Amino acid sequence: MGGSGGTGVRAGGESKAGTGKAGTGKVGTGKGRRSSAGRHADHGIFGPGSVTWRVMGEPILMVGGFRALLMQGLHPRAMRGVLQNSALLDPAEAWARFQRTTDFVRVRTFGTTAEVAAAGARVRRIHAALTAFDPDRDERFRLDDPDALRWVHVGEVDSYLSVARRAGVSLSDADADRFVAEWRRAAEVVGLRPDDVPGTFAELRDYMEERRPDLYFVPEASHPLLLALNAPLPLRLAPLRALVPMIITLAFASLPRWARRLYGLPATPIGDLWASATLRTLHRGLGLVPAQMRYSPAALRAREAVAAYDALRA
């Protein structure tokens, strides 16, 4: 999925949990709330009172994760950092990269404080150790470049919110603001300071508009649609190969029109309507699947905690 920690670079070992000041991995937590059994539980950086836990477990957010990667791909340094250091384009390694990214998103969203800290420390260590070359400025840059990390963060938050709301997940304007504010904690996990990223939905959109003139799809990268046609899935998942182009197509269609144009794709109001209608239909269809099959184990545990939290507040 999307996320500042999903570079896919290969590195061994683990780091101890970060305990520094803001911008070095110390994050606010949901520790101290009671679990459904009445015991104190460590809910990580979000917890059952958050909008994040009410949104992120929905299966339709898989489209949001792919959309986040497409948004990331429009920042030249973010994209070159991935291209020059990861297994993104290596068919033999691409699935492992996807799994690492997905694991990071899961741990950051639903993991305990210690698990989130360990995952964040590992990502920050990797980003700090690697560099890439920027031909636009004829210079090398580190992968923990704050400007690139900030764009990746904003693209991820915007993607999850946009897909969720267009799919019909119940989110008021106030919920959207809370979601953006909550994800400042996620920004800390990868080394950004909370005040360096948007804190409201309006700030998020203003930032994206401000950055648009600097965005483009780097010519040395293969177009994601071409990659989707030959998705490097492991043999056990081969039956799902036909679904990947469909998901990527929907992720593209859910992008803002200006972003689709940067990828050289048509961008019309009809495309917007098709994306919204398709997302809503899929979300409703997924709602017919029993919860035990529809949600991941982590999302199921989060839903139980949310239900217990709501019961205590009732």
Side-chain angles (χ1 to χ4, degrees), residues 1-3 5-6 30 36 43-72 98-99 101-111 116 153-183 185-186 201 204 237 240 243-244 246-256 272 274-311:
M1 307 301 257
S36 57
H43 294 303
I45 65 173
F46 295 118
S50 68
V51 176
T52 297
W53 269 27
R54 297 169 188 269
V55 173
M56 288 297 293
E58 293 296 334
I60 197 65
L61 266 294
M62 176 180 288
V63 179
F66 280 106
R67 183 188 187 274
L69 292 174
L70 296 175
M71 291 292 284
Q72 174 181 341
F98 178 78
Q99 287 184 306
T101 302
T102 302
D103 286 345
F104 177 81
V105 173
R106 174 185 57 77
V107 170
R108 184 187 56 189
T109 305
F110 300 117
V116 174
H153 169 86
V154 167
E156 185 178 13
V157 175
D158 179 70
S159 292
Y160 292 142
L161 264 183
S162 177
V163 167
R165 299 184 89 175
R166 293 170 74 176
V169 177
S170 181
L171 285 169
S172 66
D173 290 344
D175 290 334
D177 280 341
R178 282 183 57 199
F179 186 88
V180 175
E182 288 168 4
W183 275 66
R185 306 169 200 165
F201 185 68
L204 183 109
L237 297 179
L240 301 179
L243 294 178
V244 176
M246 297 170 59
I247 296 173
I248 296 296
T249 298
L250 183 54
F252 266 116
S254 69
L255 289 171
D272 296 338
W274 177 84
S276 295
T278 303
L279 287 168
R280 189 172 292 270
T281 299
L282 282 175
H283 182 56
R284 286 177 176 172
L286 288 166
L288 300 176
V289 178
Q292 293 295 328
M293 298 174 60
R294 182 164 79 249
Y295 296 108
S296 69
L300 277 172
R301 290 192 295 271
R303 286 174 61 84
E304 292 172 357
V306 168
Y309 177 85
D310 288 344

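Everything quoted here is computed from the prediction, not taken from an experiment.
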Practice item. Measure the shortest side-chain to side-chain distance between M62 and L282 over non-hydrogen atoms and say whether it is less than 4.5 angstrom. Key: no
**Study point:** Residue pairs fulfilling salt bridge (charged side-chain N to carboxylate O under 4.0 Å, His left out) with at least one residue in residues 158-167, sequence neighbours excluded
**Key:** R67-D158, D158-R205, R165-D173
Practice item. Write down the atom of S254, the atom of V163, and the distance for their closest heavy-atom approach. Key: OG-CG2, 4.3 Å
Check your understanding: So how far is it from L161 CG to L61 CG, rounded to the nearest 0.5 Å?
Key -> 9.0 Å
Exercise for review: Side-chain contact test, heavy atoms from C-beta onward, threshold under 4.5 Å: evaluate it for D175 versus V55 and give yes or no.
Suggested key: no
Check your understanding: Taking only residues two or more places apart in sequence or in another chain, which ones pass salt bridge (charged side-chain N to carboxylate O under 4.0 Å, His left out) with D272?
Key -> R257, R260
Exercise for review: Determine the minimum heavy-atom distance between W274 and A253, stating which atoms define it.
Suggested key: CZ3-CB, 3.6 Å
Check your understanding: Does T109 offer a backbone N or O that forms a donor-acceptor pair with the side chain of W53 under 3.5 Å?
Key -> yes
Point to revise | Closest contact, heavy atoms only, G57 versus A299 | key: CA-CB, 3.8 Å
Check your understanding: Does the side chain of F179 come within less than 4.5 Å of L171's, by heavy atoms?
Key -> no
Review point. Among pairs that include at least one residue of residues 284-298, which meet side chain to side chain donor-acceptor pair (under 3.5 Å), considering only residues two or more places apart or in two chains?
Key: E58-Y295, Y295-R303
Point to revise | Side-chain (E182) to main-chain (V51) donor-acceptor, under 3.5 angstrom | key: yes
Review point. When rounded to the nearest 0.5 angstrom, what distance separates CG in L204 from OG in S162?
Key: 10.5 Å
**Study point:** Minimal non-hydrogen separation, H283 against G168, with atom names
**Key:** CD2-C, 4.3 Å
Exercise for review: Enter the distance from M56:CE to W183:CH2 here, rounded to the nearest 0.5 Å.
Suggested key: 4.0 Å
Check your understanding: Closest heavy-atom contact between L286 and P59?
Key -> CD1-CB, 3.8 Å
Check your understanding: With distance as the sole test, does T278 use its side chain to make a donor-acceptor pair with the main-chain N or O of A275 at under 3.5 Å?
Key -> no
Check your understanding: Is there a donor-acceptor pair under 3.5 Å between the side chain of S50 and the backbone N or O of G47?
Key -> yes
Exercise for review: Begin with the C-alpha distance, continue with both residues' side-chain angles, and end with the deciding distance and a verdict on side chain to side chain contact (heavy atoms under 4.5 Å, CB included) for F110 and F46.
Suggested key: CA-CA 8 Å; F110 300 117; F46 295 118; over 6 Å; no
**Study point:** Smallest separation among heavy atoms of A305 and P48, with atom names
**Key:** O-CB, 3.5 Å
Review point. Step by step, would you call Y160 with V105 a side chain to side chain contact (heavy atoms under 4.5 Å, CB included)?
Key: CA-CA 12 Å; Y160 292 142; V105 173; 3.9 Å; yes
Check your understanding: Is the shortest heavy-atom distance from the side chain of L255 to the side chain of F252 under 4.5 Å?
Key -> yes
